Amino acid sequence: MSDKLIVSRRGLLKTGAAAGVGLAAPMVFSRPAWAYTNEPKGKSVIFGFNVPQTGAYADEGADELRAYQLAVEHLNGEGDGGMLNTFSSKALKGNGVLGKKVEYVTGDTQTKSDAARASAKRMIEKDGAIMITGGSSSGVAIAVQGLCQEAGVIFMAGLTHSNDTTGKDKKANGFRHFFNAYMSGAALAPVLKANYGSDRKAYHLTADYTWGWTQEESIAAATEALGWETVAKVRTPLGAGDFSQYLTPVLNSGADVLILNHYGRDMVNSLTQAVQFGLRDKIVNGKKFEIVVPLYSRLMAQGAGDAVKGIFGSTNWHWSLQDEGSKAFVKSFGQKYGFPPSQAAHTCYVQALLYADACERAGTFNPCGVVEALEGFEFDGMGNGPTLYRADDHQCFKSVLVVKGKENPTSEFDRLEVVDQVPAEQVTYPPDHPMFAGGDLGKCNPGA
Amino acid sequence: MTNLNAADRLLLLLFAVAVLAGPVILAPFGAGYPDLLQKFAIYGLFAIGFNILFGLTGYLSFGHAAFLGVGSYAAVWAFKLLSMNVLPAIVFAVLLGGLFALLIGYVSLRRSGIYFSILTLAFAQMSYNMAYSVLTPLTNGETGLQIALDDPRILDGAGQSGGLPLTNLFGLPMNQTWESELLGMTVQFNVGFYLCAAVLILGFYAALRIFRSPFGLMLRALKSNQNRLNYTGVNTRPYALAAFVISGMYAGLAGGLLAATDPLAGAERMQWTASGEVVLMTILGGAGTLLGPVLGAGMIKYFEAILSAINKAELSDLLSFLPDALREPLVSVLALFVGEGWHLTLGVIFMAIVIFLPGGLVEGARRAMRLFSRGASDAPSEERPAK
């Protein structure tokens with residue numbers, strides 16, 4: 001049979017190339033007729049919810065998704081409207097956004113930068129998502145924020161507490177409602193001084209990625225300003241599970257305060273193990289040994305159980321707040337799911353509403369219009385009091401809660417009590433603060 | 001000179017056409033979007049390279065993701081220091097991948113069998129942990145290495161302003177996509193994908209030449225009986241090392257392309273699960289065959305992207321034609337296999353293939369072909385599997 005098929009290799013390659021080009025040529029030169037990436041043309045608009053469904057932050061991710069589903073209901077005029085009734089901007093009318101019904105697609109970030117970018121890309125390229133929101137890790141938030149900047153869609157960050165998200169890695173298309181590590185330090189320091197004095201030796205255990213690094217830096221700076229001494233800073237891998245090998249050296253280090261820069265299941269594990277080790281019963285340097293968890297959440301407190309009793313930390317929001325916005329949100333979340341929302345759920349719900357409101361006020365889904373509408377936007381009624389979306393770095397400035405593990409919880413959700421509501425002025429910093437320096441927002445990118 | 005016969009040429013031609021028409025062919029399966037197409041091409045290339053080592057010499061490396069990771073980091077550094085053009089980055093990635101493979105291969109190839117596998121696994125895990133911890137200044141740890149506005153970029157950094165520059169091929173940005181309507185579907189033609197496709201076809205051609213060359217024959221001899229080769233006076237280690245380095249270069253190339261289509265490099269690319277994935281791809285498709293690894297890679301990446309995105313609600317919609325009493329239990333069972341449970345599906349399929357089709361998907365296709373053309377028993381087989 002081979003005598004019929006004598007083809008030179010070169011000839012064959014040429015033919016192959018020509019065939020390929022010929023196949024593609026008639027269709028290639030039809031450029032997209034979009035003014036910006038994924039401009040919604042039909043009766044609906046698609047939001048992309050990129051949350052961790054597996055990994056160390058899966059609990060937060062599940063709660064974020066619940067909050068997003070609630071937000072979509074409220075935007076489309078279903079349910080009781082939640083915070084739409086208390087939000088100071090009245091642009092949203094409960095008929096979707098700009099008259100288009102809100103639909104959504106979801107993705108699993110796996111708390112890995114690669115996976116998060118792949119799922120965000122899928123939502124943008126395949127499902128036509130107009131914006132991406134969510135996430136429960138700063139590493140992921142920064143990676144996805146960069147992707148959204150390139151792709152020309154808006155990124156509304158979920159739970160991300162690293163200074164870098166709106167610091168050296170800030171992007172014009174990215175916005176953060178959540179507070180950050182600097183704010184935690186600024187809010188916690190006075191409380192720590194009042195309770196533990198100004199002569200303490202601190203030992204840091206830190207999750208080894210951008211959030212851990214900046215929180216360690218922020219808390220160390222804030223406590224050193226009180227007169228505390230930092231004995232050691234030890235990095236632990238994300239999702240380590242067992243922290244006993246990191247806890248044993250703490251006792252021999254001469255430190256009398258352990259600062260756990262952990263979050264999610266990491267924090268649940270490290271705190272529980274630290275308490276089981278009996279650290280809190282020790283007397284070091286004539287003082288009672290203390291543990292501080294700078295970033296707290298109700299989900300973690302629930303996971304750690306009795307171990308959180310009496311331990312200080314800061315949080316973005318707590319369901320026991322008594323302002324109108326918080327009450328409305330807790331009520332509609334509780335009615336739908338049967339338990340109170342976490343701070344991750346709150347920030348994601350608020351971000352979805354803020355995005356929708358910005359589109360409504362801008363009159364377009366064009367990212368550049370949305371950026372303009374959000375920059376310098378002042379609002380209230382979203383659970384944190386008067387809040388400003390600062391134009392210089394796309395960070396929200398609002399009050400920060402200092403909380404403490406309750407000694408006598410009345411239910412499994414009632415693990416934290418609010419000690420202090422630190423006003424926004426006390427946690428505000430200039431945009432060129434050294435911990436946030438080195439970044440550049442760049443220009444908004446509408447894509448297409 | 002040329003050692004390809006007509007069947008090989010036909011295979012190459014069909015392969016090239018199929019790859020180039022990928023966006024059209026895969027669009028009906030919901031896989032015709034640029035990111036996934038790029039992943040198909042890149043991981044296909046990765047698996048082809050892995051197959052040169054595993055399929056031909058039988059050395060099972062459990063650390064190939066390390067070379068992929070090194071390639072990615074090398075490419076992102078090229079973007080940061082040299083230029084946003086993808087060519088230098090890819091060249092740099094291939095070279096570094098090869099160099100790294102030379103180092104690890106030199107040490108690991110002193111042992112064979114399970115000891116070799118464990119050595120490579122150990123090296124890869126070491127690289128992963130180092131990228132995660134002590135090499136943080138080079139790799140940016142967990143956060144991943146990304147390009148920034150203030151990178152030097154000595155070749156083309158001068159004219160930039162505003163947003164982050166895009167990776168490009170002489171000015172043609174990688175994320176440029178043309179869309180068109182074809183038979184009611186939106187087909188997306190993406191520059192990045194066509195770059196990966198071109199490299200994949202070249203890589204496939206190179207692998208084909210290696211498979212058919214005397215060098216390839218020597219590698220097969222290594223697999224069938226290395227002792228006998230040694231006794232006849234052949235020094236086998238240079239051959240094994242050459243195969244290892246070539247496959248490391250393929251992995252570096254794949255890593256470079258990953259960075260070229262999305263300029264970010266994360267340490268998790270080097271984790272042992274990623275190394276295991278390429279082994280799965282190769283075995284699933286058919287180790288030692290030419291097309292197998294590409295098919296296996298496509299299958300795994302498809303599952304990862306599509307199955308993992310299905311949630312319970314979508315499953316419910318999909319089965320809405322069934323009565324409620326039947327649908328509810330069916331949905332709750334199937335839900336275990338989609339979404340975050342897609343690994344379960346992969347595991348089941350993998351087991352089924354290893355048990356019933358030890359030669360992988362390619363063997364399945366061949367059996368099917370034989371079933372259909374029982375009369376034409378002299379039809380040339382597309383592959384000459386290594387024994």
Side-chain angles (χ1 to χ4, degrees), chain A residues 1-2 4-7 9 12-13 15-17 19-21 23-24 27-32 53-54 105-108 112-115 117-119 121-122 124-126 138-139 142-143 146-147 149-151 164 168-169 171-172 207-210 213 235 237-238 438-440 442-445, chain B residues 2 4-7 9-10 12-13 16-17 19-21 23-24 30-36 39 129 132-133 136 140-144 146-150 162-164 166 175 177-182 187-190 201 258 262-264 266 268-269 304-305 308-309 311 339-340 378 380:
Chain A
M1 62 153 289
S2 59
K4 285 185 185 163
L5 245 175
I6 302 175
V7 197
R9 176 163 48 91
L12 183 121
L13 284 177
T15 327
V21 170
L23 205 68
M27 303 169 280
V28 161
F29 300 107
S30 50
R31 273 176 165 278
Q53 295 169 20
T54 49
V105 289
T106 61
D108 181 7
K112 290 180 185 165
S113 310
D114 263 1
R117 277 173 84 114
S119 65
K121 269 187 168 177
R122 172 180 56 80
I124 297 168
E125 293 175 354
K126 175 166 173 264
S138 292
I142 289 169
L147 173 85
Q149 178 73 35
E150 277 167 36
D164 292 346
K168 80 176 173 53
D169 295 310
K171 297 282 185 299
D208 195 3
Y209 71 107
T210 171
W213 304 336
R235 304 275 165 91
L238 185 60
D440 184 359
K443 278 202 272 295
C444 74
N445 176 16
Chain B
T2 168
L4 299 187
N5 62 23
R9 292 191 192 124
L10 191 65
L12 183 63
L13 178 70
V17 170
V19 170
L20 291 174
V24 183
Y33 63 98
D35 182 54
L36 189 58
K39 292 268 154 56
N129 279 316
Y132 210 142
S133 54
T136 297
N140 205 17
E142 224 277 329
T143 315
Q146 297 183 46
I147 52 170
L149 274 178
D150 53 358
L164 279 179
L166 298 167
N175 65 358
T177 304
W178 289 277
E179 307 210 352
S180 75
E181 295 293 324
L182 189 75
V187 181
Q188 304 185 29
F189 298 98
N190 171 269
I201 294 168
L258 273 182
D262 185 3
L264 170 130
E268 65 259 34
R269 270 181 205 170
E304 180 180 339
S308 70
N311 50 37
E340 59 186 67
D378 58 339

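Order of the sequence lines sets the chain letters (A, B, ...), proteins ahead of strands, with each chain counted from 1. All values derive from a computational prediction rather than experimental measurement.
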Handout entry: Among the listed options A/R235, A/K171, A/K168, A/R117, the residue most often paired with chain B at heavy-atom distances under 4.5 Å
Key = A/R117
Exercise for the section: Return the option, out of A/T210, A/D114, A/V105, with the maximum number of heavy-atom pairs under 4.5 Å with chain B. Expected result: A/D114
Problem - Set of residues satisfying side-chain contact (heavy atoms from CB on, under 4.5 Å) with respect to B/E304, sequence neighbours excluded - result: B/E277, B/K301, B/W342
Handout entry: Contacting moiety of B/N129, where chain A heavy atoms sit under 4.5 Å
Key = neither
Handout entry: Pair A/W213-A/D208, side-chain donor/acceptor within less than 3.5 Å
Key = yes
Exercise for the section: Mind checking side-chain contact (heavy atoms from CB on, under 4.5 Å) for A/K121 and listing every partner two or more places apart, or none if nothing turns up? Expected result: A/E125, A/L147, B/D35, B/Q38, B/D262
Handout entry: A/Q149 (side chain) donor-acceptor with A/A172 (main chain) under 3.5 angstrom
Key = yes
